[in-house]
Amino acid sequence: MSHEHELVVFLHARLDEDGDSARRYGQVDGCGEWVARGGRVDVGLVGFDGLPPALAQHVALHDPVRVLREVEAKRRVLERHALSPAEGDPERPWDDHDDCQYDGELWPCDDLLDLASVYLDHPDFPERYRQREDAGDGEG
């Protein structure tokens, strides 16, 4: 498996984990919509009180339905930014590099690396891309 494919496999595995976790929590009886009201988070029929309002809002943003929509959106981005290998390409790029089929940039493109950067602290994060991400720490 090439290093580039390693990144795609890594991303699919993380998205699978995120989706599986959201589906597990979303299937709990009475789970319903997650809503923050001040220092309370209502999770369907159950509520959690006494949270700082910012934490309550953060928890509510991880509503399983929303997380599943986010996972599917990230999968679509990943699919759009697939590898377009130079080898065998009838319109072989002049610089003879593999490129992104979506934007023509060197693959993996910045959008794909940005998707991966969310999981930088995961033990399986591909080392080949860790240095690029560490250089970006503190930006933004």
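Only heavy atoms go into these numbers, but all of them, side chains included; no hydrogens, no water, no symmetry mates.
Here H12 contributes atom NE2 and L78 contributes atom CG; the two are 4.0 Å apart, rounded to the nearest 0.5 Å. Going from atom CD of E70 over to atom CG of D18 covers 7.5 Å, rounded to the nearest 0.5 Å. Once rounded to the nearest 0.5 Å, the distance linking NZ of K74 with CG of L115 reads 7.0 Å. Here the CG-NE2 distance, from D99 to H81, works out to 12.5 Å after rounding to the nearest 0.5 Å. Put simply, CG on L11 and CG on D16 are 10.5 Å apart, with the number rounded to the nearest 0.5 Å.
D98 contributes no side-chain N or O that, together with a main-chain N or O of W107, makes up a donor-acceptor pair within less than 3.5 Å. Checked by atom type and distance alone, the side chain of R66 pairs as donor or acceptor with a backbone atom of L61 at under 3.5 Å.
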Query raised in the report: Passes side chain to side chain contact (heavy atoms under 4.5 Å, CB included), D63 versus E33? Steps please.
Result: CA-CA 7 Å; D63 178 324; E33 183 181 5; 3.7 Å; yes
Query raised in the report: What's the verdict on side chain to side chain contact (heavy atoms under 4.5 Å, CB included) for L55 and V59, showing C-alpha distance, side-chain angles and the deciding distance?
Result: CA-CA 6 Å; L55 178 58; V59 170; 4.2 Å; yes
Query - Derivation and outcome, side chain to side chain contact (heavy atoms under 4.5 Å, CB included), residues V41 and V35 - result: CA-CA 6 Å; V41 177; V35 179; over 6 Å; no
Query raised in the report: Between R14 and D124, does a side chain to side chain contact (heavy atoms under 4.5 Å, CB included) hold up when you go through it step by step?
Result: CA-CA 10 Å; R14 301 299 71 77; D124 295 336; 4.2 Å; yes
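Heavy atoms only, all atoms of each residue included: P108 and L113 are closest at O-CD1, 3.7 Å. Between G47 and D42, the closest heavy-atom pair is CA-OD1, 3.8 Å.
Ring geometry for F125 versus F10: interplanar angle over 60°, hence perpendicular rather than tilted (30 to 60°).
Between R130 and E127 a salt bridge is recorded (basic side-chain N to carboxylate O distance below 4.0 Å). Using a cut-off of 4.0 Å between Lys/Arg side-chain N and Asp/Glu carboxylate O, E79 and R75 are scored as not salt-bridged. Salt bridge R69/E72: absent, no basic N to carboxylate O contact under 4.0 Å.
Residues Y129 and S117 are not in side-chain contact: their nearest non-hydrogen atoms beyond the backbone lie 4.5 Å or more apart.
Counting non-hydrogen atoms of neighbouring residues, nucleotides and ligands closer than 6.0 angstrom, the NE2 atom of H58 reaches no more than 12 such neighbours.
The salt bridge (Lys or Arg N to Asp or Glu O under 4.0 Å) test applied to D103 returns no partner, not counting sequence neighbours.
The cluster map of Ile, Leu, Val, Met, Phe, Trp and Tyr, joined by side-chain heavy atoms under 4.5 Å apart, puts L15 and L83 in the same cluster.
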